[in-house]
Amino acid sequence: MSVTAPSAGPPARSGKAAALGWLLTIGLNVVAPIVTYNTLAEDHGWSEFSALLLSGAWPVLDTAVMAAWRRKVDEFAVVTLVFLVITAVVSLVGAHTARALLVKDSGVTGLFGLLCLGTLLAPRPLMFYFGRKFATDGTPESTAWWNGMWQYEGFRSTMRTMTLVWGVAYVAEALTRIALAYALPTDTMVVVSPVMIYGVLAALGVWTAWFGRRRAAEGARRAAEAEASAAATAA
């Protein structure tokens, strides 16, 4: 079946549940790890590895909270934890010069790209879980609706295409930044590197929103055509 979305739309979102879920997600997966890392590494002189390792306790806490609250594991927190572990491991490898640190930063995003590509071999790709995090409020009803979308070939194709594009983009971004780290002066690359990181993220975010709306519109159109054809046949 090629329809992207079923005729029944998603259940009504619970504003309170969505707000609380996002508050926990952003707080425990983004804000708390960054604050913890900066406080330990910059203010207390901890090593990068140790600071990153302790920062990973927050996504673990988020996973535990979500498991107790909604009786399910939060894949977004798990991916955040994996990303922090990758970052911690990469920070231990090789020299610690300014140029080496820039290359290591590129290695982290490159490994994330490879993680995206690797999940294409899994039953469901990474963007399926990211999409569920962003498209639902985390309640059992909305989660069940999102999971049920997997039966549609068009939806599966959309999730896999998104995952492929994110994976390729981040691998390409990492390789480009590694090349630039050796081609440009270090002080120039210190400015260019974060611009590239956030620029690629912003571009992927815009593309993902556009592509998702386009595929949803195509699915709705095909569903309407199928219903019209069935009605004509019945008549």
Side-chain angles (χ1 to χ4, degrees), residues 2 4-5 25-26 29-30 33-34 52 55-56 59 62-63 73-94 101-136 143 146-147 149-183 189 192-219:
S2 61
T4 301
T25 295
I26 300 300
N29 289 281
V30 180
I34 291 175
L52 284 167
S55 298
D62 184 36
T63 300
V73 174
D74 188 341
E75 293 85 3
F76 187 88
V78 172
V79 171
T80 300
L81 179 60
V82 170
F83 192 76
L84 287 171
V85 170
I86 289 174
T87 304
V89 171
V90 170
S91 71
L92 287 176
V93 178
L101 290 175
L102 289 170
V103 172
K104 289 178 183 181
D105 285 343
S106 305
V108 171
T109 54
L111 288 172
F112 177 74
L114 292 176
L115 175 64
C116 288
L117 297 176
T119 63
L120 292 172
L121 303 176
R124 297 183 183 184
L126 187 60
M127 285 303 128
F128 171 85
Y129 300 105
F130 273 31
R132 187 170 68 187
K133 187 68 179 179
F134 284 91
T136 74
T143 299
W146 183 263
N147 292 342
M149 295 281 283
W150 190 252
Q151 67 183 297
Y152 298 96
E153 187 278 331
F155 180 80
R156 297 194 299 272
S157 173
T158 297
M159 293 298 103
R160 290 187 176 117
T161 300
M162 287 180 176
T163 303
L164 175 63
V165 170
W166 276 69
V168 170
Y170 267 113
V171 169
E173 180 266 354
L175 293 175
T176 301
R177 278 203 293 139
I178 290 173
L180 290 176
Y182 288 100
M189 195 58 199
V192 171
S193 184
V195 170
M196 289 185 64
I197 293 174
Y198 293 111
V200 169
L201 178 60
L204 285 172
V206 170
W207 175 84
T208 300
W210 169 81
F211 185 69
R213 287 194 298 268
R214 175 187 172 187
R215 294 303 295 267
E218 290 175 353

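Residue pairs meeting the salt bridge (Lys or Arg N to Asp or Glu O under 4.0 Å) criterion with at least one member in residues 172-182, sequence neighbours excluded: E173-R177.
Rounding to the nearest 0.5 Å places CD of E153 at 8.5 Å from OG1 of T158. Taken from CZ in R156 to CD in Q151, the straight-line distance is 8.5 Å, to the nearest 0.5 Å. To the nearest 0.5 Å, the span separating CE on M189 from CG on L180 amounts to 5.0 Å. Between the CZ atom in F112 and the CG atom in L117 there is a gap of 10.0 Å [rounded to 0.5 Å]. Separating the CH2 atom in W146 from the CZ atom in R132 is a distance of 9.5 Å, to the nearest 0.5 Å. The CZ atom of F128 sits 11.0 Å away from atom CZ of R160, with the distance rounded to the nearest 0.5 Å.
Minimum heavy-atom separation, G167 to C116: CA-CB, 3.7 Å. Across every non-hydrogen atom of V171 and G110, the tightest pair is CG2-O, 3.9 Å.
Judged by distance alone, the side chain of T161 and the main-chain N or O of S157 form a donor-acceptor pair under 3.5 Å. Side-chain atoms of T163 come within 3.5 Å of backbone N or O of M127 as a donor-acceptor pair.
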Exercise. Go through the steps for Y170 and I197 under the test side chain to side chain contact (heavy atoms under 4.5 Å, CB included), then give the verdict.
Key: CA-CA 9 Å; Y170 267 113; I197 293 174; 5.6 Å; no
Exercise. Step by step, work out the side chain to side chain contact (heavy atoms under 4.5 Å, CB included) result for M196 and S106.
Key: CA-CA 10 Å; M196 289 185 64; S106 305; over 6 Å; no
Under 3.5 Å, which donor-acceptor pairs do the side chains of residues 202-214 form with other protein atoms, sequence neighbours left out?
residue: T208; atom: OG1; partner: W166; partner atom: NE1; Å: 2.8
residue: T208; atom: OG1; partner: L204; partner atom: O; Å: 2.7
residue: R214; atom: NE; partner: E218; partner atom: OE2; Å: 3.3

